[in-house]
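This report refers to the structure that appears directly beneath it.
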Amino acid sequence: MDKKTEYKILSLACLTGKIMLQNGSEVYRVENHICQVAEYYGMTPQCFATLTCIIITLKNSEGEVISLVERVTSRTTNLDKVYQVYSLIRNISDYNCDELREKLLNIENEKPYPFLINAAGNCIGAGFFTFLFSGNIREFIAAFLCGILIATASKITDALKLGTFFTNLLCGGISSGTACLFLHLGFITDVSIPIISTLMILVPGVAFINSMRDIFSGDLVTGLSRLGEVAMIGTSIAVGSGIALKLLLNLGGV
């Protein structure tokens with residue numbers, strides 16, 4: 001195997017892990033899939049991944065070592081892409097190196113859901129959580145409309161690249177402020193149910209589960225880092241909601 005092919009395999013393995021890490025996969029799964037790609041093409045791999053970095057070292061049959069460090073600067077939750085990569089690697093024997101790279105690039109460049117679908121998901125999620133908390137149809141409508149504002153605010157903050165903390169801070173404030181506005185207008189009688197229902201769509205449940213799975217699988221550094229990220233997101237949601245309630249209370253209550 002020539003050097004060019006070895007570097008191609010290294011790049012291919014790194015691309016596999018990067019796509020999975022960027023879209024919310026557990027770190028142990030990222031490392032496992034990177035090693036599967038390298039081992040399939042006859043290399044001996046060593047991989048270490050965190051939330052923000054992937055380090056890969058490959059050894060060929062002659063004992064020569066090549067390595068790569070890849071920074072991961074953005075992360076989201078798109079389990080569909082994670083599943084597509086999983087399915088691709090599971091059937092890796094069906095593709096050669098170039099075909100596999102093309103498939104991975106297609107997955108990486110796949111556009112996310114459009115704004116209208118995201119907004120619909122937020123509205124439906126926030127609205128039906130009210131019934132879970134024994135709410136009525138008016139509270140359902142209030143939470144449903146809050147979901148539209150949350151989706152719009154998220155879209156704007158993503159475009160401005162404000163970061164996760166400020167996005168959740170703003171969304172938490174919007175959820176509480178909008179629910180209080182409906183209460184002030186007399187449309188609802190209980191402000192807590194729409195607030196809680198809307199905040200539920202902001203809760204980082206997947207990230208929390210992944211942090212637990214990373215910890216249980218022995219990836220303590222990544223698991224605790226992800227758990228800290230979850231705590232930060234939860235804190236920002238609570239602070240944003242609290243600021244909105246405090247401001248409205250100071251302005252005369254609701």
Qualifying residues under side chain to side chain donor-acceptor pair (under 3.5 Å), relative to Glu64, sequence neighbours excluded: Lys3, Asn60

For Phe115, the rest of its hydrophobic cluster, which grows through side-chain links under 4.5 angstrom: Leu116

Non-hydrogen side-chain atoms of Leu227 and Met212 separated by less than 4.5 Å: yes

Residues that, via side-chain heavy atoms closer than 4.5 angstrom, fall in one hydrophobic cluster with Tyr86: Tyr83

Any pair counted as ring pair (Phe, Tyr, Trp, His ring centres under 6.0 Å), so long as it reaches residues 187-237, sequence neighbours left out: Phe182-Phe187

Beyond-backbone contact of Leu12 with Cys97, side-chain heavy atoms, under 4.5 angstrom: yes

Ser175 backbone acceptor or donor facing Thr178 side chain under 3.5 Å: no

Gly24 backbone acceptor or donor facing Asn210 side chain under 3.5 Å: yes

Side chain proximity check, Leu245 to Ile195, heavy atoms < 4.5 angstrom: yes

Partner residues of Val221 under the side chain to side chain contact (heavy atoms under 4.5 Å, CB included) criterion, sequence neighbours left out: Ser225

Listed once per pair and sorted, the side-chain hydrogen bond (donor to acceptor under 3.5 Å, both in side chains) pairs that draw on residues 21-36, sequence neighbours left out: Glu26-Arg29, Glu26-Arg213, Tyr28-Arg213

Set of side chain to side chain donor-acceptor pair (under 3.5 Å) partners for Lys8, sequence neighbours left out: Asp98

Test item: Leu220 and Ile215 side chains (from C-beta on) under 4.5 Å apart, heavy atoms: yes

Plane angle bin for Phe144 and Phe140 - parallel if under 30°, tilted between 30 and 60°, otherwise perpendicular: tilted

Where at least one partner belongs to residues 164-173, residue pairs that pass side-chain hydrogen bond (donor to acceptor under 3.5 Å, both in side chains), sequence neighbours excluded: Thr157-Thr167

Gln46, CD: over 12 other non-hydrogen atoms inside 6.0 angstrom: no

Apart from Ile55 itself, residues in the same hydrophobic cluster as defined by side-chain heavy atoms under 4.5 Å: Phe48, Val69

With sequence neighbours excluded, residues passing side chain to side chain donor-acceptor pair (under 3.5 Å) with Ser211: none

Single-linkage hydrophobic cluster, 4.5 Å side-chain cutoff, Leu10 and Val72 together: yes

Residues in side chain to side chain donor-acceptor pair (under 3.5 Å) contact with Asn78, at least two apart in sequence or another chain: none

Note, Asn118 side chain near Lys155 side chain (heavy atom, < 4.5 Å): no

Atom pairs and distances, donor-acceptor, side-chain atoms in residues 99-106, under 3.5 Å, two or more places apart:
unit_1: Glu99; atom_1: OE1; unit_2: Asn96; atom_2: N; d: 3.2
unit_1: Arg101; atom_1: NH1; unit_2: Ser11; atom_2: OG; d: 3.2
unit_1: Asn106; atom_1: ND2; unit_2: Glu102; atom_2: O; d: 3.3

